[in-house]
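Let me begin by presenting the structure, written as structure tokens, before commenting on it.
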Amino acid sequence: MGSLNPLDGTAARIYALCCYGAEDEIISLQIIGSGFGRTGTMSLKTALEQLGFPCYHMLECFPQGPAHWKMWEQALQGNPDWEAIFDGFTATVDFPANTSFAELAEAYPDAKVIHTVRDPEKWFTSTQNTIFGKEWIKFLPSSEAGPFMSATINNYFDDRMHDHDHLIKRFHEHTERVKATIAPERLLVFEVAQGWEPLCEFLGVPVPDGEFPNINETPAVQGLLRAVMDQGFQAVLGYEG
């Protein structure tokens, strides 16, 4: 999993402290990613961390274990503790937070929203090869992560994780919902192929040296899911409890 994140989270946090001042000034979310997983969210996460925004992603969520997952279930039941969920982070992308983008945008009115998109057909194919793969989706309900995954992801797709037409329709509906919910000046609809310039202009930060991260983590995601199915969440992720 470490290979997926070129910039260590601690290093990113130190950088953010240098850029933005005292720690108590950067704890609240400043960036909310509303795009679905498999739309370049890992590349965006890595880019944001290079810019100094420690970024929450499913890769941070899963290893925290059932107590953390339970907070997401409670949030979807109308009792969120966002500060506890995002403790130490100033940005979030990917599942599980993206399906709660509207609630987060209301809770953090000064945060900017980045909506990642890609070709819907390529997105669908990518999901079926990874996070919505048939074996993984069949495995989840009987696992300790089942209720959390249903609340934050599967329910959002009406539990029709392999229905091509339904998922493509939901993909478009989600984008339209984001555009209808978030004020234009607060929203960036972004394809990671666009690179640094639109992202940095939107965030008001300098364009860094080097190319924009282009991370194809499909093999790593497939390996992680396979390991969890074979060994269980706790054995693979190492959380306590």
Side-chain angles (χ1 to χ4, degrees), residues 9 12 16 19-20 25-61 71-72 75-76 78 80-120 123 127 131 151-153 155-157 169-208 212-213 215:
C19 290
Y20 298 103
E25 295 177 349
I26 67 164
I27 292 303
S28 291
L29 284 183
Q30 299 174 28
I31 299 167
I32 298 163
S34 57
F36 288 155
R38 315 309 299 170
T39 60
T41 53
M42 191 64 219
S43 295
L44 178 59
K45 167 186 165 62
T46 305
L48 291 174
E49 290 183 340
Q50 289 183 17
L51 294 173
F53 299 94
C55 188
Y56 184 95
H57 180 284
M58 188 63 88
L59 287 178
E60 279 70 40
C61 177
M71 288 195 291
W72 276 106
L76 271 293
D81 187 349
W82 299 128
E83 294 301 314
I85 289 174
F86 297 112
D87 183 32
F89 296 95
T90 59
T92 180
V93 300
D94 198 68
F95 297 112
N98 50 14
T99 56
S100 294
F101 78 89
E103 293 82 356
L104 289 171
E106 182 176 358
Y108 297 95
D110 295 327
K112 296 186 175 184
V113 178
I114 301 174
H115 186 68
T116 45
V117 294
R118 68 182 295 193
D119 178 86
W123 170 77
T127 65
I131 58 174
T152 58
I153 303 176
N155 290 351
Y156 201 74
F157 295 93
K169 180 174 180 286
R170 197 75 181 96
F171 184 92
H172 289 299
E173 288 174 343
H174 183 68
T175 295
E176 292 308 310
R177 181 178 171 229
V178 171
K179 291 179 179 179
T181 303
I182 306 301
E185 65 274 12
R186 194 182 174 190
L187 174 65
L188 174 67
V189 178
F190 181 63
E191 293 188 42
V192 294
Q194 294 175 287
W196 286 116
E197 283 74 14
L199 177 65
C200 292
E201 181 180 357
F202 178 66
L203 296 177
V205 298
V207 175
F212 190 89
I215 299 176

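Because the structure is a prediction, the values reported are computed rather than measured.
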[atom1]-[atom2] distance between [X] and [Y], expressed to the nearest 0.5 angstrom:
| X | Y | atom1 | atom2 | answer |
| --- | --- | --- | --- | --- |
| Met71 | Leu76 | CE | CG | 13.0 Å |
| Asn155 | Phe157 | CG | CZ | 11.0 Å |
| Ile85 | Leu104 | CD1 | CG | 8.0 Å |
| Tyr108 | Thr90 | OH | OG1 | 11.0 Å |
| Gln30 | Thr92 | CD | OG1 | 13.0 Å |
| Ile31 | Leu199 | CD1 | CG | 7.0 Å |

Steps toward side-chain contact (heavy atoms from CB on, under 4.5 Å) verdict (Met42, Leu59): CA-CA 9 Å; Met42 191 64 219; Leu59 287 178; 3.6 Å; yes
Steps toward side-chain contact (heavy atoms from CB on, under 4.5 Å) verdict (Tyr56, Leu29): CA-CA 10 Å; Tyr56 184 95; Leu29 284 183; 6.0 Å; no
For [X] and [Y], which heavy atoms make the closest approach, and how far apart are they?
| X | Y | value |
| --- | --- | --- |
| Gly195 | Phe212 | C-CD1, 3.6 Å |
| Ser34 | Phe101 | CB-CB, 3.7 Å |
| Ala111 | Arg186 | O-NE, 2.6 Å |
| Gln194 | Val189 | OE1-O, 4.0 Å |
| Glu60 | Cys55 | OE1-O, 3.3 Å |
| Pro96 | Thr152 | CB-CB, 3.6 Å |

Are any of the side-chain heavy atoms of [X] and [Y] separated by less than 4.5 Å?
| X | Y | result |
| --- | --- | --- |
| Ile153 | Thr99 | no |
| Phe190 | Val192 | yes |
| Val113 | Ile32 | yes |
| His57 | Glu49 | no |
| Leu51 | Leu203 | yes |
| Pro80 | Glu103 | no |
| Phe86 | Pro54 | no |
| Val93 | Ile114 | no |

Thr41 and its side-chain hydrogen bond (donor to acceptor under 3.5 Å, both in side chains) partner, picked from Thr46, Asn98, Asp94, Thr116: Asp94
Using atom types as modelled and distance alone, determine if a side-chain donor or acceptor of [X] lies under 3.5 Å from a backbone N or O of [Y].
| X | Y | result |
| --- | --- | --- |
| Lys112 | Phe202 | yes |
| Glu197 | Val207 | no |
| Thr39 | Arg118 | no |
| Trp196 | Pro206 | no |

Residues that His115 engages under ring pair (Phe, Tyr, Trp, His ring centres under 6.0 Å), provided they are two or more places apart: His174
Any residue meeting ring pair (Phe, Tyr, Trp, His ring centres under 6.0 Å) with Phe95, in chain and number order, not counting sequence neighbours: Phe36
Could you give the side-chain donor-acceptor pairs of residues 177-184 under 3.5 Å, partners two or more places apart or in another chain?
unit_1, atom_1, unit_2, atom_2, d
Arg177, NH1, Tyr156, OH, 2.9
Thr181, OG1, Arg177, O, 2.7

Crowding at CD, Glu173 (>12 non-hydrogen neighbours, <6.0 Å): yes
Over 12 foreign heavy atoms within 6.0 Å of CD, Glu191: yes
